[in-house]
Protein chains: 2
Amino acid sequence: MPELPAFDVMTATCPSRTSLARVANKWTAMVVIALSADRMRFRDLRATVDGISSKVLTETLRDLERDGIVTRHVYAEVPPRVEYELTALGRTLHAPIHALGSWAEDHISEVLAARESYDARQCP
Amino acid sequence: MPELPAFDVMTATCPSRTSLARVANKWTAMVVIALSADRMRFRDLRATVDGISSKVLTETLRDLERDGIVTRHVYAEVPPRVEYELTALGRTLHAPIHALGSWAEDHISEVLAARESYDARQCP
DNA sequence: CCGAATCCGTGACGATACTG
DNA sequence: CAGTATCGTCACGGATTCGG
């Protein structure tokens with residue numbers, strides 16, 4: 001008797017799976033973490049999420065906007081200024097994603113140790 | 001005064017980022033959720049994580065094994081039997097990833113509504 | 001028969017250059 | 001400054017074959 005609720009996300013036809021796919025994504029996670037402090041403009045976001053390309057950041061933000069997780073504020077100025085912020089829905093993501101980020105930092109030493117011993121076991 | 005701890009995962013050179021990348025991944029999330037009930041053999045895992053190919057499941061499990069999140073039990077039988085289970089480290093992932101899965105299911109209707117209104121706004 | 005390796009196409013990613 | 005366009009590369013994912 002598997003006591004788990006058997007999560008619908010596991011079935012390929014379930015729409016909630018597309019939602020999981022969006023959220024269980026490294027760029028999404030980092031963007032949401034960055035925006036959880038407060039709204040940010042594109043350039044600062046690009047600097048904070050170190051290593052992301054302009055193109056991929058744009059695509060990530062578009063997808064998040066489409067899913068109702070961030071909103072896009074365009075200011076008709078020169079130079080142009082565009083700011084992004086989490087929606088109410090996006091803020092509900094803060095806790096789960098923050099937990100994931102904390103996990104990554106808290107357990108990185110164990111992960112690195114596991115990798116080292118695994119690699120040592122594989123190619124001697 | 002950004003009160004956030006400024007998460008090292010955001011910097012490209014930080015090792016914890018590789019850990020986040022592994023964990024913030026849709027297949028990883030689904031496999032960990034599946035294994036959180038109890039250990040499972042390959043074939044059942046493949047059936048539970050609906051839509052994953054044999055190859056991708058193998059690779060995902062190898063990566064998780066390398067990172068010390070699952071262990072692999074091979075039984076020298078015929079037909080062959082290979083079982084996977086979460087390590088102690090892997091079980092610490094259960095809560096964060098389960099939270100993500102719950103989020104996906106709890107908010108899917110909002111996400112779908114957002115998508116619909118976004119698409120309606122874009123291509124009239 | 002089950003688990004996994006091989007081959008191969010597609011699509012995502014990243015770098016660069018260019019426009020409003 | 002905030003994107004878009006184009007292109008080369010490569011990892012992901014699917015179909016098939018191998019191995020035990």
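Letters A, B, ... are given to chains in the order of the sequence lines, protein chains preceding strands, and every chain is numbered from 1.
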Measuring to OP1 and OP2 of [N], would you say a side-chain N or O of [X] lies under 4.0 angstrom away?
X: A:Arg41; N: D:dA2; value: yes
X: B:Tyr84; N: C:dG3; value: no
X: B:Arg46; N: C:dA4; value: no
X: B:Arg43; N: C:dA4; value: no
X: A:Trp27; N: C:dA12; value: no

Length of the [atom1]-[atom2] vector between [X] and [N], whole Å:
X: B:Ile52; N: D:dG13; atom1: CD1; atom2: P; value: 8 Å
X: B:Asp63; N: D:dC12; atom1: CG; atom2: P; value: 8 Å
X: B:Leu57; N: C:dA4; atom1: CG; atom2: P; value: 8 Å
X: A:Lys55; N: C:dT19; atom1: NZ; atom2: P; value: 19 Å
X: B:Arg22; N: D:dA11; atom1: CZ; atom2: P; value: 13 Å

For DNA chain D, which residues of residues 64-79 of chain B approach it to below 4.0 angstrom with any heavy atom? none
Is any side-chain N of the basic residue among B:Asp8 and B:Arg17 closer than 4.0 Å to the acidic one's carboxylate O? no
Salt bridge or not for B:Arg39 and B:Glu83, using N-O below 4.0 Å?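 So B:Arg39 pairs with B:Glu83 through a salt bridge.
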Between A:Glu59 and B:Arg62, which is nearer to the 5' end of DNA chain C once each is assigned its nearest nucleotide?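 By nearest-heavy-atom nucleotide position, the 5'-most residue is B:Arg62.
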Between A:Asn25 and B:Asp44, which is nearer to the 5' end of DNA chain C once each is assigned its nearest nucleotide? B:Asp44
Between B:Phe42 and B:Val74, is there a shared hydrophobic cluster once you connect ILVMFWY residues whose side-chain heavy atoms come closer than 4.5 Å?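 Looking at the clustering, B:Val74 is in the same group as B:Phe42.
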Quick one: list whatever passes side-chain contact (heavy atoms from CB on, under 4.5 Å) with A:Val23, sequence neighbours left out.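 So A:Val23 forms a side-chain contact (heavy atoms from CB on, under 4.5 Å) with A:Leu93, B:Leu100, B:Trp103.
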Select one nucleotide: of C:dT6, C:dA4, D:dG3, the one nearest the side-chain heavy atoms of A:Phe42.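 The answer is D:dG3, which lies nearest to the side chain.
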From the list D:dG3, C:dG14, C:dC2, which nucleotide is the closest neighbour of the side chain of B:Pro80? C:dC2
State, without any angle test, whether A:Arg121 and A:Ser117 hold a side-chain donor-acceptor pair at a distance under 3.5 Å.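 Per modelled atom types, A:Arg121 and A:Ser117 side chains form a pair under 3.5 Å.
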Does B:Glu59 have more than 12 heavy atoms from other residues, nucleotides or ligands lying within 6.0 Å of its CD?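 Result for CD/B:Glu59: enclosed.
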Taking side chain as C-beta onward, heavy atoms only, is B:Thr60 less than 4.5 Å from B:Thr28?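 In contact.
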Below 3.5 Å, does any donor atom in the side chain of A:Ser53 face an acceptor in the base of C:dA15, or the other way round? no
